[in-house]
**Q** 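Okay, handing you the structure first.
Both ligands and their constituent atoms are indexed starting at 1 by order of listing.
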Amino acid sequence: MGISDKNRVIIFDTTLRDGEQALQQSLTAKQKLQIALCLEQLGVDVIEAGFPISSPGDLQSVREIGRTIKNSTICGLSRALDKDIDACRDALHETDHYRIHTFIATSDVHVKDKLKKGFDDVVEMAVRAVKRARNYTDDVEFSCEDAGRTPIDHLCRMVENAIKAGATTINIPDTVGYTLPYEFGSIIKTLFNRVPNIDQAVISVHCHNDLGMATANSLSAVMEGARQIECTVNGLGERAGNTSLEEVVMAMKLREQYMHGVYTNIVTENIARASQVVSGITNEPVPSHKAIVGSNAFAHSSGIHQDGVLKNKSTYEILTPQSVGFKENNMHMTARSGRHMIKAVLEKLGYRENSYNLDDVYSRFLKLADRKGQVFDYDLEALLFLSHEQEEE
Ligand code: KIV
Ligand code: ZN
């Protein structure tokens, strides 16, 4: 998948694995299946359904997802250990087409202090893991954990060996969200320049958001030739989260020309629903200012902005709310709203301009907004019918 079309960026969703592992309470198999169905409708290419060795419940849930989902590849995560890879196979062998994703850390601090090994041992373990996984499926992904902090010579050597061993996707994670966009893009560029067999695998990226760079780093990698992005709905994930699916997908769609014409198969009109389903099931609220899916992402509050949008939406909207599945934008009526906005709301509610005095209504609206913070349609209607005395009460 993906290698044949050089402009297609594969969307690998890890909401159910990296996203779920960040929750305070793990999800039930039923909840995970509901999310998987939603991801399938969204057009996600690969769903990382879980980490089967981690618990019998997780293994069973990956199995159920593999049995049910037909239009996305289902993937299970494993460390570079035989028992983990075998657990992935146990979970997925009934699935028509599945992926085993195996990983090992490659940065000095992880290799020495966490794994307590030398780099040569780690390469050997990776090669063995990839070969074992290839006995079970021809779709094997290998990740160099903490690639963002791995010396580039080591990274090149590991990638070359993993591809030689049979990995069909090579994933470059910025596990701790440490790199900057230019730096991360340069890592991908160097891999393309220095690894002789790089063309035999899809290059993937997996960024964390510790410095708020996950989206920018992923896009920078795509500009340098990466063709799979690992991401989660609402950016859910360890610590500050993972690359947010909705952000990278909409950025590539909107700025396609700048991004060398890359595209994804995501049905963008299903994004809002996916966001709401994931937020509801995981009990993780979406911040109102979250890009693309926050409740304020298509809301306008200041008089100047509202006036602009009433004249031409593209003054302050770079995307239509409908393109990501919201019905319409919304305008907040606050003390920052202008007369034009109040007139437009009254018109929408069915009041003709000659049936009220706009100057009067607007000055009363401002007083109310100062007192109340936000004014709603019903407040505005009440203002039309209340006398000044009643309003003071
Ligand atoms: O962040 C990371 O490095 C991971 C790997 C397991 C891909 O989640
Ligand atoms: Zn991760």
Side-chain angles (χ1 to χ4, degrees), residues 10-23 26 44-54 58 62 73-81 83-85 87-88 91 99-111 113-115 122 125-126 129-130 133 139-150 154-155 158-159 162 167-179 184 187-188 191 201-215 217-218 221 226 228-245 247-248 282 284:
I10 296 165
I11 295 297
F12 174 115
D13 181 280
T14 183
T15 306
L16 293 174
R17 200 280 297 168
D18 221 340
E20 201 251 9
Q21 84 192 38
L23 300 177
S26 52
V44 161
D45 300 293
V46 185
I47 298 175
E48 187 162 55
F51 188 12
I53 194 73
S54 65
D58 205 49
V62 173
T73 296
I74 304 303
C75 169
L77 181 70
S78 67
R79 290 166 297 181
L81 297 176
K83 62 179 179 177
D84 286 35
I85 294 164
C88 283
R99 176 178 295 189
I100 295 180
H101 175 191
T102 186
F103 75 97
I104 197 161
T106 50
S107 66
D108 289 348
V109 63
H110 278 241
V111 171
D113 296 345
K114 185 181 81 173
L115 301 174
V122 167
M125 284 176 76
V130 169
D139 190 346
V140 172
E141 172 168 333
F142 174 74
S143 285
C144 310
E145 191 191 5
D146 205 16
R149 294 189 298 173
T150 298
H154 278 181
L155 195 61
M158 181 60 103
V159 169
T168 46
T169 299
I170 293 289
N171 185 37
I172 307 298
D174 185 17
T175 303
V176 288
Y178 177 71
T179 64
F184 194 62
I187 294 175
I188 303 301
L191 290 174
V202 173
I203 300 305
S204 165
V205 289
H206 173 117
C207 297
H208 280 264
N209 206 29
D210 300 65
L211 290 175
M213 300 289 163
T215 293
N217 283 351
S218 303
Q228 174 175 285
I229 295 181
E230 302 199 354
C231 49
T232 60
V233 174
N234 299 335
L236 209 62
E238 288 279 8
R239 304 180 308 281
N242 286 57
T243 301
S244 141
L245 179 149
E247 291 174 17
V248 283
T282 59
E284 287 285 333

**Q** Does an N or O anywhere in Glu145 fall below 3.5 Å from an N or O of ligand 1?
**A** no
**Q** Do Glu238 and His208 pair up side chain to side chain, a donor and an acceptor below 3.5 Å, judged on atom types alone?
**A** no
**Q** What is the distance from atom CD1 of Ile104 to atom CG of Asp146, rounded to the nearest 0.5 Å?
**A** 13.0 Å
**Q** Please determine, by modelled atom types, if Thr232 and Asn242 share a side-chain donor-acceptor pair under 3.5 angstrom.
**A** no
**Q** So is Arg17 in contact with ligand 1, going by heavy-atom distances below 4.0 Å?
**A** yes
**Q** Based purely on interatomic distance, does His101 place a nitrogen or oxygen under 3.5 Å from a nitrogen or oxygen of ligand 1?
**A** no
**Q** To the closest 0.5 Å, what do you measure between CG (Asp45) and CD (Gln228)?
**A** 8.0 Å
**Q** Counting heavy atoms only, which part of Thr175 comes closer than 4.0 Å to ligand 1: side chain, backbone, both or neither?
**A** both
**Q** Is any side-chain N of the basic residue among Arg17 and Glu230 closer than 4.0 Å to the acidic one's carboxylate O?
**A** no
**Q** Have a look at His206 and say which of its N, O or S atoms is nearest the Zn ion (ligand 2).
**A** NE2
**Q** The Zn ion (ligand 2) and Asp18: any N/O/S contact shorter than 2.8 Å?
**A** yes
**Q** What atoms of ligand 1 come within less than 4.0 Å of a heavy atom belonging to Asp18?
**A** 8 (O)
**Q** Got the closest protein heavy atom to atom 4 (C) of ligand 1, with its distance?
**A** His206 NE2, 3.5 Å
**Q** Which distance, rounded to the nearest 0.5 Å, do you find between the CD1 of Ile85 and the OG1 of Thr102?
**A** 4.5 Å
**Q** Starting at NE2 of His154, measure out to CG of Asp108 and round the result to the nearest 0.5 Å.
**A** 6.5 Å
**Q** Heavy atom under 4.0 Å from ligand 1: found in His208's side chain, backbone, both, or neither?
**A** side chain
